[in-house]
Each structure stands twice: as structure tokens, then as C-alpha cells.
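Here is the structure we will look at.
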Amino acid sequence: MSLPSLNQPFVEGSVQTRVGAVPQVSSSLAWADRWGSVKARWGVGRMHYTIDSGLYALGSPDGHSPVLVTANYKMSFDRLREALPGRQAWILVLETEGINVWCAAGKGTFGTEELVRRIASSGLEQIVSHRELILPQLAGPGVAAHQVKKLAGFKVIYGPIRATDLPSFLDSDLKANAEMRQKTFPIGERVVLIPVEFVSALKWTLLMLPVFFLLGGLGGPAGFWSNALDYGLFAVFALLGALVAGSVLTPLLLPWLPGRAFSLKGLGIGLITAFIFTAFRAGNLDGWPGRFEIVGWFLMIPAFSAYLAMNFTGASTYTSLSGVKKEMKWAVPLEIAGGVVGLCLWLGSRFTA
Amino acid sequence: MGQLTYLKNVVTLELDEEKCVGCGMCLIVCPHAVLSMNNGNAMIEDRDLCMECGACARNCPTEAITVQAGVGCAAAVINTALGRDASSCCCVIEPAEDQGAQVKDPKESSQASCC
């Protein structure tokens, strides 16, 4: 038997069972829990935001209380208990190395094997008199319900996708309606994903900015630093614009952007961004150097934006691997070509007489 | 807003209606209502909504459903192509292109990467 530690900050007490003291938690989150979610959303310590796996008591459950299964990503655990005010339930936490239910199920760590192992190591059979487990529907890619029944004797019941639908699921005889079974991707869900996308792309962009700033100083009509403050500084703003277009505006406006491929969506918003930014350089359009520079940015901004948008497929809730591979076959070469040709035009423009 | 649809005609989902026993588990686990019931058997209602998560195949007791399951994540595809291993991250890419396997066990996959 292995029980989770009682010395975790969110544990409020313990419930005595035949197998020992099971940590007790409540449905109300503390300030520290909420701050932890905010940090994880911004990518701070996100890969290590874990709790001990094993059995927990929500409120004061008894042998007839339902058993809910979740991942040991603290945010998953918090969303689950937060959704169940005033309820008594057992929460069985699987070891997924701090990964949420859906991703861990896809990876196999939230899987049949781990579930069967955790049922045994938690002593669940001695704690509850029934033989039913409620799993999030999104555990489906990892857990084979019929095998769990065969191997551990527990019947897997797939609950709703969203924890917030659990109370009504529990109150309606463990039946989920069609709406509870569909994964949508509404704006609120997309917005909370933006910080992680933005921060990870920003790290790479911040490395590029000084390089572009200095490259902006090369050649050109004036001295190095005045060129850098002209062409280089514009490059910095243009790259930040492309970053925002691809990693912020694309997720935000996803359903309304034209095209099915994410690269196309990013390309569209990238072109608009290029229009807006190059409008500030329109004064240079009467000479070839100015024209080359503008065309260069018309290639680089959309290429960068399309690339970042393409990477949002991983966070989205409806892209298939076959589709992503098909998209990448044409999108990656075009993104690279756009970036390289654009860069050459931009650099070359200052060496054009 | 209804369901968002990704690319058309790319999905590897197949259903063998001969093997189907009509238990309905695939309908329960599918997050995009790809499948429906027709005269006591499952049928593919809207293939283009499928995201190849593999939940239906994994939970089919008679292996009537096959799909090349994986995570539709461009970063993971890139990392796999570059031979990078980022096992601390959440996405995973199938290891080989063996056609027709039921659900690939992600445990066998050595290359995992991030989304």
C-alpha cells in the first residue's frame, strides 16, 4: 500500500481507512492553488506542477462514495475538486509525471496499466464496497475500459469531458448528454493557452531581435548606428508584430481566420500585420532599396506568423496527426523559403545602389 | 459555434462493421461525435471531424476500429524529425509507420515531444 503524503500544502486533514490515513482535501481552492494555476499557464514550473499520486478523500467519503480518477498534474486535480463543492468522493490520482489527463492518455501514461497498478497500490478494494470508477472521457486514448474490468475487476465509467459537468453527471445516474461528450474549443479555452504559446515563442524571438537590430546597421545610406536605429529598429518591431500575429492573434481569432490549415490562418493574419507595419515605410517606396525592404518584410512577417500558427496545432483540440503532417509538407518549405528570401531581400536592399 | 473542422480527407480512421458488436463505447469516448449508431452498429458519421486520438479504437472490445493514433502537434513532428527527445513534454508521435496496427502503444514510442 502506498498513500500520498499528508504533508502537501493543499491537504487539510486525513480520513482513516482500513489501509491507513488518506489525505483529505476540500473543493475550495486556496490562494496558493490559484496562483499555482496562473504560473503554470504562463509556463513557470509547468512541467513540475505535480502532486503525489494515489488516493485522496474529497470531503468525508465512505464505502459507497464514487471514485473519480485524474492525473497528478496539480491543475487537473484542482479543476476536479473545485467542480465538486459539497460532494463526498474518493479521488484516485494516477502518476502521469505532471501531465494533464488528455495529453497523458495520448502518451499512454494515463493508461490501462497505470490505472490497474494504482487501483492495487491504493488499496481501493478495501476502501469502497462498489467496483466502479469514473474517468474523464478524455482518458479514452490511454485507457481500455474492457481491459480494466478484466484485469482489476473495476468497471470504468466515462464521465463528462469537463469537470464542471460532473455534478450534473453524478446527479443524473452517471449519464452524460451529447454536449458533455463533445470537446469544443471556445474562445475562453483558447485565451488561457495564449501565454504559454507566447512565452515560448518570445524566448526564441528575443534571441533574434539583437541579431536583426545589428544586421540593420550593415550597408545602407548612413552610418552603422543610424542605420541600425532605422532598419534594425523597424526589424525589431516587425518581428514582434509577427510574434503577436502568430502566437496571440491566431489562437484568439482561430475560427474566424480563413483556411483550415493553421499555417494558412497564420499567413492571413501575418499579411495583415505586414500591411500595417510596412505602411510606416511607404515613404521609401520610390526607390528600389525601399521596395526590396518592404517586399522582404512581406515575406518574413507572414512566414514567421504562419510558422507560429502551425505550432498551435499541438495546443488545439481538433487537429489530427495525419492532417498536421499533410499541412507541414507544404507549409514548412514555404515558411523557410519565405523567411530566407525575405531576409536576403532585406539585407540586399541596403547594398543596392 | 459548432465543431471546428481541420483538413478534409486525411484521417486514417476505419471501422469494420462485420466486427462491430454495437456496444457503443466508441460513441462514448469520441470527443468529436465522429461516430453514430445505425441499426445497432456503429458507423462513421463525420470522418473529417476525427482527430485520431485513438480513444475509440482503444476502447473497442472487438478491435473493429483502427486508426493511426497520434497527437496532431507540429512541434512534436518537428522534434521527431530532428531526432530530439523531449520526454518531459506532453505530445507524442508514433514511432513507425506500420499500417493497419490497431492503436499504437505509446509506451513503445521512444520519441516524445512537446506541444
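All chains are named by letter (A, B, ...) in the order of the sequence lines, taking the proteins before the strands, and each is independently numbered beginning at 1. Keep in mind that the numbers below use all heavy atoms, side chains included, and drop hydrogens, waters and symmetry copies. What you see is a predicted model, and the numbers here were worked out from it, not measured in a lab.
- A:L138 touches chain B through its side chain: at least one heavy atom from C-beta onward sits under 4.5 Å away, while N, CA, C and O do not.
- Within the 3.5 Å criterion, the main-chain N or O of B:I28 finds a donor-acceptor partner in the side chain of A:Q137.
- A donor-acceptor pair under 3.5 Å is formed between the side chain of B:N59 and the backbone N or O of A:G140.
- Taking each heavy atom of A:N311 and B:A75 in turn, the nearest pair found is OD1-N, 3.5 Å.
- Atom CD of A:E179 has 12 or fewer heavy atoms from other residues, nucleotides or ligands within 6.0 Å.
- Between the SG atom in B:C23 and the NE2 atom in A:H146 there is a gap of 9.0 Å [rounded to 0.5 Å].
- Top candidate by heavy-atom pairs under 4.5 Å with chain B, chosen from A:G142, A:P186, A:G98, is A:G142.
- Rounding to the nearest 0.5 Å places OH of A:Y318 at 11.0 Å from CG of B:L49.
- Considering CD of B:Q68 and NZ of A:K325, their distance stands at 7.0 Å, rounded to 0.5 Å.
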Problem - A:R181 and B:L27: CA distance, side-chain angles, deciding distance, side-chain contact (heavy atoms from CB on, under 4.5 Å) verdict - result: CA-CA 9 Å; A:R181 296 234 172 271; B:L27 272 73; over 6 Å; no
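- Of all heavy-atom pairs between A:W102 and B:P31, the closest is CZ2-CG, 4.2 Å.
- Around the CH2 atom of A:W330, the shell of radius 6.0 Å holds more than 12 heavy atoms that belong to other residues, nucleotides or ligands.
- Side-chain contact between B:I78 and A:M310 is present, with heavy atoms from C-beta onward closer than 4.5 Å.
- In this structure, the portion of B:C30 lying under 4.5 Å from any heavy atom of chain A is its backbone and not its side chain.
- Using modelled atom types, one side-chain atom of B:H32 and one backbone atom of A:T317 make a donor-acceptor pair closer than 3.5 Å.
- Once rounded to the nearest 0.5 Å, the distance linking CG of B:L7 with CZ of A:R260 reads 8.0 Å.
- Minimum interatomic distance between A:F185 and B:L4 (heavy atoms only, all atoms of both residues): CB-CD1, 3.9 Å.
- Remark: the backbone N or O of A:P141 is paired with a side-chain donor or acceptor of B:R58 at under 3.5 angstrom.
- Contacts of A:F262 with chain B are made by both backbone and side-chain atoms, with heavy-atom separations under 4.5 Å.
- Taking every heavy atom of both residues into account, A:L321 and B:V71 meet most closely at CD1-O, 3.5 Å.
- Neither the backbone nor the side chain of A:Q147 comes within contact range of chain B; no heavy atom of the residue lies under 4.5 Å from a heavy atom of that chain.
- At least one side-chain heavy atom of B:V10 sits less than 4.5 Å from a side-chain heavy atom of A:S320.
- In this structure, a donor-acceptor pair under 3.5 Å is present between the side chains of A:S322 and B:E52.
- Residues A:K326 and B:K8 come closest through the heavy atom pair NZ-O, 4.2 Å.
- In this structure, chain B has no heavy atom under 4.5 Å from any part of A:V332.
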